[in-house]
Amino acid sequence: MLWSKTFIPTMKETPEGAEIPSHILMLRAGLISQVMAGAYTYLPLGLRALRKAEQIVRQEMDAAGAIELLMPALSPLSLWERSGRVAAFGDVLIQFSLKRQNRKINVALGPTHEEVITDLVAHHISSYRQMPITLYQIQTKFRNEERPRFGVLRTSEFLMKDAYSFDASLEGLNHSYQLMYKAYCRIFDRCGLKYLAVEAESGPIGGEASHEFMVLAPNGEDVVLHCAECGYAANQERAEVGARDFSKPNVSPEPLRQVPTPGASTIEQVSNFLGCTPKQMIKTLIYLADDRPVAILIRGDHDANEGKIRRQCRASTVGLAPPEVIQQVTGAPVGFAGPVGLAQKVPIFADRDVQCVVNAVTGANAADAHLTGVNLGRDFAVDAFADLRNAVDGDPCPRCSSVVRLHQAIEVGHVFKLGTKYSEALGATFLDANERQQTIIMGCYGIGINRIVAALIETCHDDNGIIWPISLAPYEVLLLPLNVAHEPTWQAAQDLYQQLQAAGVEVLLDDRDCRAGVKFKDADLIGIPLRVVISERGVKDGKLELKWRWQRQADHLPLDGASQQITELIADERRTARRFREFRNSS
RNA sequence: CGGGGCGUGGCGCAGUCUGGCUAGCGCGCCUGCUUUGGGAGCAGGAAGUCGUGGGUUCGAAUCCCGCCGCCCCGACCA
């Protein structure tokens with residue numbers, strides 16, 4: 001492709017509003033252009049990278065035995081009502097009605113496709129002989145995100161690979177899951193991403209086990225905990241807190257006292273007001289576990305983990321209680337709950353770290369008052385201690401004697417063991433070998449294609465621009481004739497361009513009649529892996545200059561036979577990615 | 001949904017507090033000459049409903065009220 005014939009609107013300055021590297025670089029390098037919040041046009045360069053990622057995903061899905069199909073983005077709302085997810089998705093589900101002659105039909109744009117595919121399978125699979133099967137598609141998904149942000153990382157419309165496995169047995173599901181898990185590892189490896197597979201909650205989608213594939217990046221929206229020693233990795237919702245010493249500090253108990261704390265209800269306000277640290281405080285949270293109130297005690301500097309609370313309460317749903325219930329349980333307005341003297345008898349569960357707090361500060365179950373010198377055993381009792389809080393940086397690892405570290409991360413993929421949630425709701429059953437009717441067991445597996453591209457850029461760039469691995473690069477080689485008005489230079493560039501194209505190399509020729517500096521800056525910005533400079537002097541001496549984007553120094557190459565050498569270099573890098581890997585491992 | 005910021009040629013910004021002449025600057029774009037290995041120089045030129053609706057005023061980019069859009073933090077979230 002000739003630079004002048006395609007469309008690469010690069011920008012010298014950072015557009016207003018872009019703050020994180022991937023967003024800034026995608027805009028500046030002319031990969032994307034914003035249409036509105038959460039919706040971007042993919043320009044030619046961005047689209048090529050996106051297609052590369054898509055193709056890698058497709059190849060690995062096919063290699064893992066998954067079968068591609070394509071479902072419509074539009075589907076009848078009734079399908080979503082049958083699974084109960086109209087309510088679960090809420091405003092995230094984009095729905096509207098269409099006029100058809102004299103009727104109206106209610107439809108939704110798919111935020112994911114469990115319902116559609118399960119309905120398909122319910123109609124067409126009826127025997128254990130037709131399984132296992134894994135079906136997938138690569139298609140645009142729609143989600144009305146409350147707050148789209150970070151450029152292309154969170155948008156209301158995005159390209160997703162979604163796969164669904166259908167098995168006759170749990171062992172079958174485990175096998176299908178493993179196949180997808182391994183395929184995901186190969187995909188992210190090939191895309192040049194440094195990733196971590198972390199244990200995850202299955203969330204509202206239901207099911208039993210799941211892993212998220214995370215790319216560590218300071219601007220990621222997700223939080224993961226990772227033990228460098230044993231490799232334990234989990235997202236924050238899931239991460240367990242390892243064993244630790246629960247002995248109390250050697251401090252003598254103080255008498256229980258009620259102190260006025262007018263207007264101070266949050267941990268921060270109270271600790272400032274009373275001059276204590278959040279660590280000395282115990283917060284008392286009133287939750288509704290399947291509509292039954294419970295009191296949860298968490299040390300002031302920790303955050304409650306609803307998943308852990310839900311499991312402790314053996315409830316299917318938990319949520320913070322509304323103000324009326326809090327008032328009822330504590331006898332005080334919101335913000336002054338405490339474990340001592342609750343108005344209503346409710347189960348009290350405490351996080352394990354609560355047992356080490358002596359002379360704690362808690363709410364007094366009275367407006368504008370807190371208690372100091374609160375001590376476990378003497379002043380209050382709990383029904384059970386359990387791991388109820390979010391893990392934090394430096395917590396003991398649950399699997400070994402080391403500690404876990406907290407990292408921000410971008411979620412690029414997710415694999416779930418779904419079980420029978422959707423097959424049951426939508427009647428996807430089969431006859432087994434014993435002629436018994438059974439429910440199909442499902443798994444589902446998603447990859448955000450746009451996020452692959454954004455995560456790569458987010459984690460692989462320098463001050464001058466993007467650094468693509470050859471696998472995702474919009475073009476593999478950039479030819480840079482410095483002076484296109486110089487006839488021999490231009491001729492050499494054109495010859496090389498044609499030879500490389502004939503050899504199947506994806507090559508971009510910067511044929512613009514502009515100064516060398518402009519071309520070099522743009523070359524670094526768009527980050528094509530191999531840059532070939534053709535200069536007046538070089539042509540005279542029969543030489544070319546070769547530089548991988550991640551190298552500092554350029555190499556020289558005889559002009560004679562250059563195309564063959566470049567073709568071989570590209571072929572080797574495509575096959576092994578060893579030069580890119582070497583750079584990434586050293587940086 | 002709560003908090004904060006922003007909206008002025010294609011892009012980045014100044015001007016707004018303290019209303020006043022023809023709305024400026026840099027980049028980009030067009031023409032010409034010179035230049036040609038890291039975002040060139042000179043000369044000339046095109047391009048702006050100052051987000052939008054209303055109000056105050058002799059006069060509004062500037063002051064007041066409403067609305068819209070964009071970005072960030074929080075809440076929320078496969």
Side-chain angles (χ1 to χ4, degrees), chain A residues 9-20 23-24 27-28 30 33-40 85 88-93 110-115 141 143-151 153-156 158 160-164 200-207 210-214 219 221-223 235-238 266 303 306 319-320 411-418 421-422 443-448 451 463-465 480-486 489 510 512-525 531 533-539 544-545 547 552 554:
Chain A
T10 60
M11 281 184 263
K12 207 186 276 195
E13 282 166 301
T14 300
E16 192 206 9
E19 296 195 359
I20 68 169
H23 192 195
I24 292 171
L27 288 166
R28 286 195 53 213
S33 180
Q34 186 177 44
V35 177
M36 62 175 189
Y40 289 84
R85 283 216 289 183
F89 272 111
D91 290 335
V92 172
L93 186 70
T112 168
H113 277 239
E114 282 81 7
E115 281 80 355
K141 295 285 183 275
R143 291 183 194 180
N144 181 33
E145 295 289 351
E146 292 281 320
R147 181 149 89 88
R149 63 180 137 177
F150 297 144
L153 280 175
R154 180 165 290 270
T155 52
S156 37
F158 55 97
M160 185 184 207
K161 185 284 301 177
D162 48 323
Y164 308 88
E201 286 289 338
S202 43
I205 206 156
S210 80
H211 287 87
E212 288 170 345
F213 288 78
M214 297 286 202
N219 291 305
E221 290 186 273
D222 293 275
V223 174
N235 70 14
Q236 194 167 40
E237 289 92 73
R238 181 76 185 184
T266 67
D303 287 323
E306 287 193 4
L320 278 171
E411 181 190 344
V412 289
H414 209 153
V415 291
F416 286 97
K417 290 182 189 175
L418 263 180
K421 176 175 164 151
Y422 296 97
C444 70
Y445 316 92
I447 289 181
R451 279 189 179 180
D463 292 345
N464 297 316
L480 215 63
L482 292 185
N483 182 0
V484 294
H486 180 249
T489 299
D510 189 349
R512 294 175 300 171
D513 183 13
C514 58
R515 296 173 63 89
V518 176
K519 295 192 176 200
F520 283 128
K521 286 289 184 190
D522 272 347
D524 285 348
L525 184 58
R531 188 188 80 186
V533 173
I534 303 142
S535 66
E536 260 178 76
R537 199 177 55 227
V539 169
L544 291 175
E545 187 183 289
K547 189 175 96 63
R552 286 188 154 275

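Please read these numbers as outputs of a predicted model, since none were measured by experiment. A note on names: the letters A, B, ... follow the listed sequences, proteins ahead of strands, and every chain is numbered from 1.
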For a quick check, tell me whether the side chain of [X] and the base of [N] share a donor-acceptor pair closer than 3.5 Å.
| X | N | result |
| --- | --- | --- |
| A/Asp524 | B/G38 | yes |
| A/Arg512 | B/G39 | no |
| A/Arg154 | B/C77 | yes |

Protein-nucleotide distance ([X], atom [atom1]; [N], atom [atom2]), rounded to Å:
| X | N | atom1 | atom2 | answer |
| --- | --- | --- | --- | --- |
| A/Glu545 | B/G38 | CD | P | 11 Å |
| A/His414 | B/C77 | NE2 | P | 14 Å |
| A/Lys519 | B/G37 | NZ | P | 12 Å |
| A/Asp513 | B/U36 | CG | C1' | 9 Å |
| A/Glu221 | B/A75 | CD | C1' | 13 Å |
| A/Leu482 | B/G38 | CG | P | 9 Å |
| A/Glu146 | B/C72 | CD | P | 15 Å |
| A/Lys12 | B/G38 | NZ | C1' | 12 Å |

Take atom [atom1] in [N] and the same atom in [M], then report the distance between them in whole Å.
| N | M | atom1 | answer |
| --- | --- | --- | --- |
| B/C65 | B/A60 | C1' | 15 Å |
| B/C25 | B/A14 | P | 16 Å |
| B/C13 | B/C58 | C1' | 33 Å |
| B/G41 | B/C27 | P | 7 Å |
| B/C71 | B/G32 | P | 41 Å |
| B/U35 | B/A40 | C1' | 7 Å |
| B/G7 | B/C50 | P | 14 Å |
| B/U16 | B/U62 | C1' | 4 Å |

List the atom of [X], the atom of [Y], and the distance in Å for their closest heavy-atom pair.
| X | Y | answer |
| --- | --- | --- |
| A/Thr155 | A/Gly38 | CB-O, 3.2 Å |
| A/Ala37 | A/Ser156 | O-OG, 4.3 Å |
| A/Pro15 | A/Arg28 | CD-CG, 4.2 Å |
| A/Lys519 | A/Pro481 | NZ-O, 2.8 Å |
| A/Ile20 | A/Phe150 | CD1-CB, 3.6 Å |

To the side chain of [X], which of [options] is closest?
| X | options | result |
| --- | --- | --- |
| A/Phe150 | B/G38, B/A40, B/C73 | B/C73 |
| A/Ala37 | B/C77, B/C70, B/G37 | B/C70 |
| A/Leu525 | B/G39, B/G37, B/C76 | B/G39 |
| A/Val518 | B/G37, B/C72, B/G39 | B/G39 |

Checklist outcome for this item: Whether each nucleotide of nucleotides 2-13 of chain B has a protein heavy atom under 4.0 Å at its base (B), only at its sugar-phosphate (S) or at neither (-) is summarised, 5' to 3', as ----S----BSS
Checklist outcome for this item: Sorted by chain and number, sequence neighbours left out, salt bridge (charged side-chain N to carboxylate O under 4.0 Å, His left out) with A/Glu115 holds for A/Arg85
Next on the checklist: Among residues at least two apart in sequence or on other chains, which ones pass salt bridge (charged side-chain N to carboxylate O under 4.0 Å, His left out) with A/Arg512?
Outcome noted: A/Asp510, A/Asp522
Considering every strand shown, what is the Watson-Crick or G-U wobble mate of [N] when both distances are under 3.5 Å?
| N | answer |
| --- | --- |
| B/G32 | B/C42 |
| B/U18 | none |
| B/G7 | B/C68 |
| B/C50 | none |
| B/U62 | none |
| B/C1 | B/G74 |

Checklist entry - Which residues satisfy the side chain to side chain donor-acceptor pair (under 3.5 Å) test with A/Thr489, sequence neighbours excluded? => result A/His486
Checklist entry - Of A/Glu145 and A/Val35, whose closest RNA chain B nucleotide lies nearer the 5' terminus? => result A/Val35
Checklist entry - On RNA chain B, nearest-nucleotide positions of A/His23 versus A/Lys547: which is more 5'? => result A/Lys547
Pick out the pairs of N or O atoms, protein on one side and nucleotides 30-35 of chain B on the other, that lie under 3.5 Å.
residue : atom : partner  : partner atom : Å
B/U35   : O2   : A/Arg515 : NH1          : 2.9

Next on the checklist: Between the side chains of A/Glu212 and A/Arg238, is the shortest nitrogen-to-carboxylate-oxygen separation below 4.0 Å, so that they form an ion pair?
Outcome noted: no
Item to check | Spatial distance of atom CD (A/Glu13) from atom CD1 (A/Ile24) [nearest 0.5 Å] | outcome: 12.5 Å
Item to check | Touch class at under 4.0 angstrom, heavy-atom based, for A/Pro9 against every strand present | outcome: nothing
Checklist entry - Under 4.0 angstrom, heavy atoms only, what part of the nucleic acid is A/Arg451 near: base, sugar-phosphate, or nothing? => result nothing
Checklist outcome for this item: A/Ser535 meets the side-chain contact (heavy atoms from CB on, under 4.5 Å) criterion, sequence neighbours left out, with A/Leu482, A/Arg537
Item to check | Residue-phosphate contact under 4.0 Å: A/Gln34 side-chain N/O, B/G69 OP1/OP2 | outcome: no
Item to check | B/C73 OP1/OP2 closer than 4.0 Å to side-chain N/O of A/Arg149 | outcome: yes
